[in-house]
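One structure is given below, encoded as structure tokens.
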Amino acid sequence: MTRRALKLFSGSAHPALAKAVADRLGIPVGLSRTVRFSNENLKVCLDESVRDADVFVLQPSCPPVSDGLVELLIMLDALRGASAGRITAVMPYFPYVRSDKKDEPRVSIAARLMADLVTTAGADRAICLDLHSPQVQGFFRVPVDQLSAVPMLIAHVRAQGELGDLVVVAPDAGEVKDAARHARRLGVPLAILDKRRTGDDERARAVHLIGDVAGKRCLIVDDEISTGGTAIEAATHLVAAGAKSVSVAVVHGVLVSDAPARLAAAPLAEVIVTDSLPVPEPKRGPRTTVLSIAPLLAEAIQRVHEGRSLADVGGPDALGRV
Ligand code: R5P
């Protein structure tokens, strides 16, 4: 039996990541064009045959978010119409991922709607990375592989030397489970911050600290930095509690508006992010480290293509994120 050809296409969101993944897979990025008409409608043209191919489409959600989403949907639909054999949407940063619950009356669980849209448009399966909450996988009616880049972030910290005085910090209640696991794997203590937000207010406030950080190096681990408010507030609170230094390691560097400048001015020794989203030079501060997820994605794509298990993709530490 001949295996379907492996193809990787990219939307406009993050072509550099698509190229890095394709290079590792030893294939070119599929030929496609997105045309924007004067009425702002988009057209996606696939410039090569995809008939019966095993096609992966890489498109993280980043500004302009709505355009990127529509481009992805049109691309999936074009692939289906062009008789692709199997279509996998690769969304390292999932659209509307933080809208994953109905936490006030009469609001949409928009992340579920996004899953519906992607599936309706033609995706037979999806690959995601460090979803805001793991249950977002359940919003899909097709198979989803959720990868984690946190082991990569942890490996980076481990490679910096002795962990003797390190404390892993969960910046809010939502991160406690994950942070506890990372602390256990590193063999270091855990501290927990109690963060509060009011309504749609993007300003986070750290109100209580559980754990001893005096004289310690703190490592805040989180899924994303958006406004930077959570990380800055946590760092300020930890320094006031006597921490020797504070670094933050997050998977998704959303880094909206003036977040890079505010992070640069914060008491943070290092800001570690991945390239799940583009992190152009102006978004990188003097103490920003960007780690590439291209090897992780390429490995996952290769295994999905070959029908192999993804259980230990990213190393044995990647197991069991929930
Ligand atoms: C919140 O629940 C998330 O885990 C992050 O802490 C949050 O998204 C970070 O956002 P910001 O940088 O705007 O505080």
Side-chain angles (χ1 to χ4, degrees), residues 60-63 65 91-104 107 109-111 114 128-137 146-150 153-154 168-183 190-210 218-238 246-268 270-274 276-279 283-285 287-290 321-322:
S61 174
C62 56
V65 169
M91 299 165 288
Y93 185 62
F94 190 71
Y96 288 81
V97 73
R98 282 165 70 177
S99 300
D100 58 358
K101 57 195 154 311
K102 191 167 178 181
D103 51 4
E104 59 181 295
V107 295
I109 301 175
M114 298 302 128
C128 301
L129 179 78
D130 292 289
L131 293 160
H132 182 57
S133 51
Q135 62 267 27
V136 170
Q137 289 172 84
Q146 185 193 197
L147 309 173
S148 178
V150 177
L153 302 174
I154 297 289
V168 169
V169 180
D172 57 35
E175 275 308 305
V176 172
K177 240 180 172 175
D178 281 349
R181 200 175 50 252
H182 307 318
L190 171 74
I192 300 167
L193 277 164
D194 177 13
K195 176 182 88 176
R196 306 276 165 90
R197 286 190 207 270
T198 325
D200 289 335
D201 182 3
E202 289 199 287
R203 207 179 139 228
R205 286 168 205 81
V207 288
H208 295 114
L209 170 67
I210 304 167
C218 293
L219 177 69
I220 304 165
V221 182
D222 210 346
D223 57 336
E224 67 172 66
I225 289 191
S226 182
T227 63
T230 301
I232 294 168
E233 178 73 6
T236 308
H237 201 100
L238 292 168
V246 183
S247 293
V248 57
V250 305
V251 175
H252 308 295
V254 185
L255 299 168
V256 298
S257 59
D258 62 350
R262 293 176 56 238
L263 286 165
L268 283 164
E270 189 177 10
V271 177
I272 311 159
V273 299
T274 79
S276 65
L277 296 162
V279 190
K283 284 195 174 187
R284 298 181 189 206
R287 299 181 301 279
T288 306
T289 303
V290 183
R321 204 183 117 72
V322 239

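Start at 1 and go down the list; that is how both ligands and their atoms are numbered.
Between V279 and V273, the closest heavy-atom pair is CG2-CG2, 4.2 Å.
Each of the atoms 3 (C), 4 (O), 5 (C), 6 (O) of ligand 1 lies under 4.0 Å from some heavy atom of D222. Atoms of ligand 1 lying under 4.0 Å from at least one heavy atom of D223, given by number and element, are 3 (C), 4 (O), 5 (C). Taking every heavy atom of D172 and a limit of under 4.0 angstrom, the matching atoms of ligand 1 come to 1 (C), 2 (O), 6 (O). Ligand 1 places these atoms under 4.0 Å from at least one heavy atom of R98: 8 (O), 10 (O). Of all atoms in ligand 1, numbered sequentially from 1 with element shown, those under 4.0 Å from a heavy atom of T230 are 6 (O), 9 (C), 10 (O), 11 (P), 14 (O).
Taking 4.0 Å as the cut-off, E233 does not count as a neighbour of ligand 1 on heavy-atom distance. Residue-ligand proximity: G228 is placed with a non-hydrogen atom under 4.0 Å from ligand 1.
For the pair I225 and ligand 1, the shortest N or O to N or O distance does not fall below 3.5 Å.
Compare V248, V256, V251, T227 by their heavy atoms: the one nearest to atom 11 (P) of ligand 1 is in T227.
Residues M91 and M114 fail the side-chain proximity criterion, which asks for heavy atoms closer than 4.5 Å.
If you run side-chain contact (heavy atoms from CB on, under 4.5 Å) between I220 and each of V248, T230, L193, I225, only V248 comes through.
Panel note: side chain K283, backbone V256; no donor-acceptor pair is recorded below 3.5 Å. Side chain of R262 to backbone of T227: a donor-acceptor contact under 3.5 angstrom is found. Remark: the backbone N or O of D130 is paired with a side-chain donor or acceptor of H252 at under 3.5 angstrom. At distances below 3.5 Å, not a single donor-acceptor pair connects side-chain atoms of T289 with backbone N or O atoms of I272.
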